[in-house]
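Small disclaimer: the values here were computed from a predicted structure and weren't measured. Sequential numbering from 1 along the given sequence is applied to the chain's residues.
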Amino acid sequence: MFQLIEQQDGLSIGVFGIGGCGCNTLDSIYEQRESKQAKLFSVNTDKVVLEHTQSDDAVLIGAELTHGYGAGADPEVGLQAAQESKDQLLALINNCDILLCATGLGGGTGTGASPYIAELAREQNKPVIFVATLPFSSEGQFRSNVAQAGLNTLKEHANAVITLPNDQLIEVLGNNVGLFDAFKHSNQILHSLIKSLIDMLCFQGLINVDLNDFAKIMDCQGDAVLGVGKCDSEDEFTTALDSALNNPLVNQVDMSSSSGVIVQVNCKEEISLGSYNLITDTVRQKVSPNALVICGVSKIENLVSNYELLIIATGASAKMVVEQHDKAADSELKKPEVVITQPQASDIFDIPAFIRNQAPPPSGK
């Protein structure tokens, strides 16, 4: 049924880790990377972080502004640092066909620099996807407000934004899970997405999703659903689909409002026509009849599982669930503007930086 696959060596996927949280994510996926077509770039205002981050290239942004000592939890400093280093950032962006970016919102560098990097990428007509973590509620309302303001700005520029609220780590994994293990679990989501996207874009199959198809779906701005499901037999496709569409660690999105969807099936073995129709029909039933749905199938012999499903839905609306707040708190959160003021010392609670400082520097640096 399938033609022999052929790797597309010309495609370059840039994986950017922005700020402390983003750089920490690069550390977790550096050794697991399986394709030379994915280049990892760490971007930060903190030179110590960059010295301990595993990546293919590192950019210290805002060296004159911050002298390499970080953004001080101030998004405005993060923005100005990125603007100062515009030429360096553009040099990286222009060498990529697609940008996948990991960042943490609520601090200085990630919150301030990420929207600017997304804006630069869009100006260069590069599809850009962001995976952004949101702070724990225990980190305080100030940090939450900073994160929400940064998220709103990021959505104005990025093609797709997937949010991973840290509070959902607790809901899904429980209070007793180790802190390092919890963040490894979150980082694994990003790694699975990156690998699946590389497989989809870098290999040709019987039904091919090319870069132009991908760019067309990415033009549908809004919240996004990106999910991966894996299974070893066709009898498990329903479970794999559910895993791809309902990851509990990803902020819930109303998929029915999506305006563009990619369904990619990677497989070691030939997939039956009935199973292929089951997958595509299930996804089509979840979106608007007017949504653009693009399907791809590739046979890739080195998959870990026999079958791998990748779902990308863009142009959707997030389901904002705030059950933990009372109505008075909800009304405060719904104010049209969020004013960011300089944080007090008690507001600067940077979990990713804490985790980063526990890790020994990688060998060879």
Novice: I need the Lys86 NZ to Ile61 CD1 distance, nearest 0.5 Å.
Specialist: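 That separation rounds to 14.5 Å.
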Novice: Do you know which two heavy atoms are closest between Leu105 and Gly150, and how far apart they sit?
Specialist: CD1-C, 4.4 Å
Novice: Could you give the distance from SG (Cys231) to CD (Glu308), rounded to the nearest 0.5 Å?
Specialist: 10.0 Å
Novice: Between atom OG1 of Thr111 and atom CG of Asp74, what is the distance when rounded to the nearest 0.5 Å?
Specialist: 10.0 Å
Novice: At what distance, to the nearest 0.5 angstrom, does CG of Asp97 lie from CD of Gln37?
Specialist: 9.5 Å
Novice: Can you find a side-chain donor-acceptor pair between Asp281 and Gln285 that sits under 3.5 Å?
Specialist: no
Novice: Hydrophobic side-chain clustering at under 4.5 Å (ILVMFWY, transitive links): who's grouped with Leu65? Put none if nobody.
Specialist: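 Members other than Leu65 - counting any ILVMFWY side chain reachable under 4.5 Å - are Val77.
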Novice: Tell me whether Lys268 at atom NZ has more than 12 heavy atoms from other residues, nucleotides or ligands lying less than 6.0 Å away.
Specialist: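 It does: Lys268 NZ has more than 12 such atoms within range.
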Novice: With sequence neighbours excluded, what pairs up with Ser275 under the side chain to side chain donor-acceptor pair (under 3.5 Å) test?
Specialist: Glu234, Ser272
Novice: Could you grab the distance from atom CG of Asn44 to atom OG1 of Thr53, nearest 0.5 Å is fine?
Specialist: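 Going from the CG atom of Asn44 to the OG1 atom of Thr53 covers 7.0 Å.
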Novice: Between the side chain of Ser144 and the main-chain N/O of Gly140, is any donor-acceptor distance below 3.5 Å?
Specialist: no
Novice: Are Asn166 and Thr133 close enough that a side-chain donor and a side-chain acceptor fall under 3.5 Å?
Specialist: no
Novice: Once you round to the nearest 0.5 Å, how far does CD1 of Ile262 lie from CD of Gln264?
Specialist: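 Reported value, rounded in 0.5 Å steps: 8.5 Å.
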